[in-house]
Chemist: 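Would you mind keeping the following structure in view while I ask a few things?
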Amino acid sequence: MDEQQLKADVDAFVDEVWEDVVADIRTLVKIESVEDLEHAEPGKPWGPAANDALVAAEKIASRLGLEVTDLDGRIGYGDLPGVSEDYIATIAHTDIVPLGLGWTFPALDVTRKDGYLIGRGVLDDKGPFVLSLYAAHFFARQVEATGRKLPYTLRCIIGNNEETAMADVKHYLKCCPEPLFCFSPDADFPLICGEKGVYQGEFRTAEPVAGGSIVELDGGTVANAVCGLATAVVRADASALPAADNIEVEAVGDGLARVTAHGKGGHASLPAGTVNAIGLLARYLLGAGLVDDAARPFIELQALLTEDTDGTSTGIAAHDEKFGPLTCVEGTVRTVDGHFVQTIDSRYPTTTTGEAITARMSEIAAAHGCAFRALEDKVPFYIDPECDQIRCLLDTYGEYTGKKAEAFCIGGGTYARKFKRAAAFGPHEENPDEPAWVGMEHGPDEGVSEADLKRALKIYIVSIARLMEL
């Protein structure tokens, strides 16, 4: 098939199936597929709701003409067999981060408004995952109509543990050979050829300090998101506490008051423009004289950690030409068995290491009456942006958008870092005219443009056709 005919067929296909695409996205968004290890069981290692999403996704893949394999409930894939068993893959995920607070639209449904889809996972990553299945469905219909197989097997990998440990892919690679090439529709266009190291750690007060002047601290939803809402229950007369911007105070009885700080959340890898509610809360508590001697070192630690997002205040700042500056944010604060526990998330370039971050944070912890431990450390990932597969994807994107298509590096972590030859490839596009009510991934009112998703589906189909010829 010549290129002109291919693109015409793709245009017609996308128009024909689009309402089915949205319906399948809605099916997945309705499932609150957050990791729940407390209720994990054999065959459902990430918890029952995550497994529900995996099973639902496998059913969609089967309905769309793919041969589905489930790998112990950890991960799945759908194949369109080709002439060769060697395969080209897409990989996207059906798990989500917790819903969090601040939603004005239903989080577990798809709302269509003014050309946008709103709901948890429409962008990260249930919407793009469904696009990957329909891209394969396009070729499945061609094979059925002509009897001619693709040169290589096309595989859609169905991830189910991306938002936490990516242990699903670890299991997958124990069971399956590496793909010839793989792209993940789980980030931004034009194309991501590199990802910073992903580091998470936890501060914990050495002694139980909750119950004094500060009875309880609670804030954030996950470690890899900037905290947008944080609360403290304190021993104080609510009516006597000072007013402050973005601070809400209410009496909760028995001589206690609840102080709530309202920040602006966002993905941990993109802290520009966010306001960390944990820092707002810490500074208010200190300024209002609500912190006793036992809790003071920890609250001062919270203030220190939120002075900036590039690690300058903590002495871990780093930068390189490929990845740019390190980022470091506070994600969650909790009260656990009388201790205060604080998580951090750092995305780091090649000029530092997770070990160096751990060493520095351990020093800071000791100076603030805390213990510190590293929770996760994934080293930076990079693929040559001039290799044939990357040029193929970039050229296709450029043709469809008319934009200059250059690969770039990010602070986010995608499945691409788990494979030898892979990249993250859309579908999100920066849009200065996007309505203010459209939220970002990991935040409330997560949304994505339907027009962008439609165009992305076309880009994916044509890209796959070209990859098959390389």
Chemist: Under 6.0 Å from the CD atom of Glu41, do we count more than 12 heavy atoms belonging to anything else shown?
Modeler: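 Enclosed.
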Chemist: Whether the Thr350 and Asp320 side chains hold a donor-acceptor pair (N or O, under 3.5 Å, no angle test) is what I'd like checked.
Modeler: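 The criterion, which ignores hydrogens and geometry beyond distance, is satisfied for Asp320 and Thr350.
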Chemist: With no hydrogens and no angle check, just 3.5 Å: does a side-chain donor-acceptor pair link Tyr199 and Thr358?
Modeler: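 Judged by distance alone, the side chains do pair up.
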Chemist: Asn224 versus Thr343: any side-chain heavy-atom pair under 4.5 Å?
Modeler: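 Contact flag for Asn224/Thr343 side chains = no.
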Chemist: So Glu376 and Val198, do their side chains get closer than 4.5 Å, heavy atoms only?
Modeler: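 A side-chain contact under 4.5 Å exists here.
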Chemist: Can you list every pair that meets salt bridge (charged side-chain N to carboxylate O under 4.0 Å, His left out) and has a residue in residues 106-128, with sequence neighbours left out?
Modeler: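 Counting only pairs at least two positions apart or across chains, the salt bridge (charged side-chain N to carboxylate O under 4.0 Å, His left out) contacts touching residues 106-128 are Glu19-Arg112, Arg26-Asp109, Lys30-Asp109, Arg112-Glu450, Arg120-Glu446.
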Chemist: Given 3.5 Å as the limit, does a donor-acceptor pair link the side chain of His137 with the main chain of Leu64, or not?
Modeler: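 Pair found, side chain donor or acceptor close to backbone of Leu64.
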Chemist: Between Thr164 and Asn161, do the side chains contain a donor N or O and an acceptor N or O under 3.5 Å apart?
Modeler: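 Looking only at side-chain atoms, Thr164 and Asn161 do form a donor-acceptor pair, the distance falling under 3.5 Å.
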Chemist: Taking Glu178 first and then Arg421, would you say they form a salt bridge - that is, a charged N and a carboxylate O separated by under 4.0 Å?
Modeler: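 No, no charged N to carboxylate O under 4.0 Å.
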Chemist: How long is the span from the OG atom in Ser33 to the CD1 atom in Ile96, to the nearest 0.5 Å?
Modeler: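 That separation rounds to 4.5 Å.
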Chemist: Could you pull out the closest heavy-atom pair between Asp377 and Gly354, with the gap in Å?
Modeler: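 In terms of heavy atoms, the two residues are closest at OD2-CA, 3.4 Å.
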Chemist: How far apart are the C-alpha atoms of Phe181 and Leu467, what are their side-chain angles, what is the distance that settles it, and do they pass the side chain to side chain contact (heavy atoms under 4.5 Å, CB included) test?
Modeler: CA-CA 9 Å; Phe181 182 76; Leu467 287 172; 4.1 Å; yes
Chemist: Determine whether Leu457 and Leu453 make a side-chain contact, defined as any pair of heavy atoms from C-beta on separated by less than 4.5 Å.
Modeler: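 When only atoms from C-beta onward are counted, Leu453 and Leu457 do not touch, as no gap falls below 4.5 Å.
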Chemist: Could you tell me whether the side chains of His339 and Asp337 share a donor-acceptor contact shorter than 3.5 Å?
Modeler: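 There is no such pair (donor and acceptor under 3.5 Å, judged by atom type) between the side chains of His339 and Asp337.
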Chemist: So, the side chain of Asn51 versus the backbone of Gly43: is there a donor-acceptor pair under 3.5 Å, distance only?
Modeler: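 Indeed, once roles are kept as given, a pair shorter than 3.5 Å links the two residues.
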Chemist: Give a yes or no on whether Tyr415 atom OH has more than 12 heavy-atom contacts from other residues, nucleotides or ligands under 6.0 Å away.
Modeler: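 For Tyr415, atom OH is crowded (more than 12 foreign heavy atoms under 6.0 Å).
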Chemist: Between Arg63 and Asp24, does at least one N-O distance fall below 4.0 Å, as a salt bridge requires?
Modeler: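 A salt bridge links Arg63 with Asp24.
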Chemist: Are Thr221 and Val97 side-chain neighbours, meaning at least one heavy-atom pair lies under 4.5 Å?
Modeler: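 Counting from C-beta outward, Thr221 and Val97 never come under 4.5 Å.
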Chemist: Mind running salt bridge (charged side-chain N to carboxylate O under 4.0 Å, His left out) on Lys403 and Glu429 for me, showing each step along the way?
Modeler: CA-CA 11 Å; Lys403 298 178 181 178; Glu429 298 254 28; 3.3 Å; yes
Chemist: Hey, what's the ring geometry for Phe13 with Tyr134, parallel, tilted or perpendicular (30° and 60° as the breaks)?
Modeler: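 Ring orientation of Phe13 relative to Tyr134: tilted.
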Chemist: Please walk me through it: do Asn160 and Thr94 pass side-chain hydrogen bond (donor to acceptor under 3.5 Å, both in side chains)?
Modeler: CA-CA 5 Å; Asn160 200 225; Thr94 54; 2.9 Å; yes
Chemist: Please check if the side chain of Lys149 supplies one atom and the backbone of Leu80 the other of a donor-acceptor pair under 3.5 Å.
Modeler: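 Absent.
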Chemist: Cut-off 3.5 Å, side chains only: do Asn276 and Glu330 have a donor facing an acceptor?
Modeler: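 Asn276 vs Glu330: no donor-acceptor pair found between side chains.
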Chemist: For the atom pair CG (Asp308) and SG (Cys328), what is the distance rounded to the nearest 0.5 Å?
Modeler: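 Between atom CG of Asp308 and atom SG of Cys328 there are 8.5 Å.
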Chemist: Assert yes or no for the condition that the ring centre distance of Phe203 to Phe340 is strictly below 6.0 Å.
Modeler: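 No, the ring of Phe203 stays outside the 6.0 Å limit from the ring of Phe340, centre to centre.
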Chemist: Do you see a donor-acceptor pair shorter than 3.5 Å between the side chains of Asp188 and His428?
Modeler: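 Indeed, the side chains of Asp188 and His428 share at least one donor-acceptor pair under 3.5 Å.
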Chemist: Give a yes or no on whether the ring-centroid distance for Phe183 and Tyr460 is below 6.0 angstrom.
Modeler: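 Under 6.0 Å, so yes.
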Chemist: Could you pull out the closest heavy-atom pair between Ala230 and Ala277, with the gap in Å?
Modeler: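 That closest heavy-atom pairing would be N-CB, 3.7 Å.
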Chemist: Contact between Val122 and Val29 at the side-chain level, heavy atoms closer than 4.5 Å - yes or no?
Modeler: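 Of all side-chain heavy-atom pairs linking Val29 with Val122, at least one is under 4.5 Å.
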Chemist: Between Leu54 and Gly73, what is the shortest heavy-atom contact and its length?
Modeler: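 Closest heavy-atom pair between Leu54 and Gly73: CD2-O, 3.5 Å.
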Chemist: Using a strict 4.0 Å threshold on nitrogen-to-oxygen distance, state whether Lys378 and Glu195 make a salt bridge.
Modeler: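 Salt bridge: no.
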Chemist: With rounding to the nearest 0.5 angstrom, report the NE2 to CG distance, His262 to Leu280.
Modeler: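 Spacing of NE2 (His262) from CG (Leu280) equals 10.0 Å.
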Chemist: Give the minimum heavy-atom separation between Ala422 and Ala416, together with the two atoms involved.
Modeler: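 Closest heavy-atom pair between Ala422 and Ala416: CB-O, 3.6 Å.
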Chemist: Verify whether one side chain among Asp310 and Thr312 offers a donor that lies under 3.5 Å from an acceptor in the other.
Modeler: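 Yes - a donor-acceptor pair under 3.5 Å links their side chains.
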Chemist: Would you say the side chains of His171 and Asp72 form a donor-acceptor pair under 3.5 Å?
Modeler: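 Result is yes, a qualifying pair exists.
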Chemist: Enter the distance from Asp20:CG to Ile25:CD1 here, rounded to the nearest 0.5 Å.
Modeler: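 With rounding to 0.5 Å, CG (Asp20) is 11.0 Å from CD1 (Ile25).
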Chemist: Any side-chain heavy-atom pair from Val21 and Leu131 closer than 4.5 angstrom?
Modeler: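 Yes; the side chains approach each other to less than 4.5 Å.
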Chemist: Tell me, do Pro271 and Thr274 make a side-chain contact under 4.5 Å, heavy atoms counted?
Modeler: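 Yes. Closest side-chain heavy atoms under 4.5 Å.
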Chemist: Between Trp18 (side chain only) and Lys454 (backbone N and O only), is there a donor and an acceptor less than 3.5 Å apart?
Modeler: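 Here the side-chain-to-backbone pair does not exist.
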Chemist: Under the 3.5 angstrom rule, does the side chain of Asp95 hit a backbone N or O of Glu162 as a donor-acceptor pair?
Modeler: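 Yes: the side chain of Asp95 pairs with the backbone of Glu162.
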Chemist: I'd like to know if the side chain of Ser346 and the backbone of Tyr348 have a donor-acceptor N/O pair within less than 3.5 Å.
Modeler: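 No; zero donor-acceptor contacts below 3.5 Å.
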Chemist: Which atom names give the shortest non-hydrogen contact between Tyr397 and Ala405, and what distance separates them?
Modeler: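 Heavy atoms only, the tightest pair is CD2-CB, 3.8 Å.
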Chemist: Which word best sums up how the rings of Phe425 and Phe189 line up, parallel for under 30°, tilted for 30 to 60°, or perpendicular for over 60°?
Modeler: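 Taking Phe189 first and then Phe425, their aromatic rings stand perpendicular (interplane angle over 60°).
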Chemist: Applying salt bridge (charged side-chain N to carboxylate O under 4.0 Å, His left out) as the test, list every pair that has at least one member in residues 130-140; sequence neighbours left out.
Modeler: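 Non-adjacent pairs meeting salt bridge (charged side-chain N to carboxylate O under 4.0 Å, His left out): zero.
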Chemist: With Asp452, which residues qualify under salt bridge (charged side-chain N to carboxylate O under 4.0 Å, His left out), at least two apart?
Modeler: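 Counting only residues at least two positions away or on another chain, Asp452 forms a salt bridge (charged side-chain N to carboxylate O under 4.0 Å, His left out) with Arg455.
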Chemist: Under the rule for salt bridge (charged side-chain N to carboxylate O under 4.0 Å, His left out), what residues qualify as partners of Glu16, not counting sequence neighbours?
Modeler: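 Result, salt bridge (charged side-chain N to carboxylate O under 4.0 Å, His left out) vs Glu16: Arg141.
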Chemist: Got a sec, which residues hit salt bridge (charged side-chain N to carboxylate O under 4.0 Å, His left out) with Arg155, two or more places apart in sequence or on another chain?
Modeler: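 Applying salt bridge (charged side-chain N to carboxylate O under 4.0 Å, His left out) to Arg155 gives Asp79.
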Chemist: Quiz question: by atom type and distance under 3.5 Å, do the side chains of Gln342 and Thr332 form a donor-acceptor pair?
Modeler: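 Gln342 vs Thr332: no donor-acceptor pair found between side chains.
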Chemist: On a heavy-atom basis, which atom in Pro385 and which in Ile390 lie closest, and how many Å separate them?
Modeler: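 Heavy atoms of Pro385 and Ile390 come nearest at O-CG2, 3.3 Å.
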Chemist: When rounded to the nearest 0.5 angstrom, what distance separates CG in Asp168 from NZ in Lys418?
Modeler: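 The distance works out to 9.0 Å.
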Chemist: Restricting to salt bridge (charged side-chain N to carboxylate O under 4.0 Å, His left out), what partner residues turn up for Glu202, sequence neighbours left out?
Modeler: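 Glu202 satisfies salt bridge (charged side-chain N to carboxylate O under 4.0 Å, His left out) with Arg373 only.
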Chemist: In terms of side-chain heavy atoms, does Tyr116 have a donor or acceptor partner in Asp445 at a distance below 3.5 Å?
Modeler: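 No - no donor-acceptor pair under 3.5 Å links their side chains.
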Chemist: Return the CZ to CD1 distance between Phe105 and Ile118, rounded to the nearest 0.5 Å.
Modeler: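 Output value for this atom pair is 5.5 Å.
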Chemist: Please walk me through it: do Thr396 and Arg466 pass side-chain hydrogen bond (donor to acceptor under 3.5 Å, both in side chains)?
Modeler: CA-CA 9 Å; Thr396 305; Arg466 291 172 172 176; 2.9 Å; yes
Chemist: Is there side-chain contact between Ile75 and Ile158, with heavy atoms separated by less than 4.5 Å?
Modeler: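 No - every pair of side-chain heavy atoms lies 4.5 Å or more apart.
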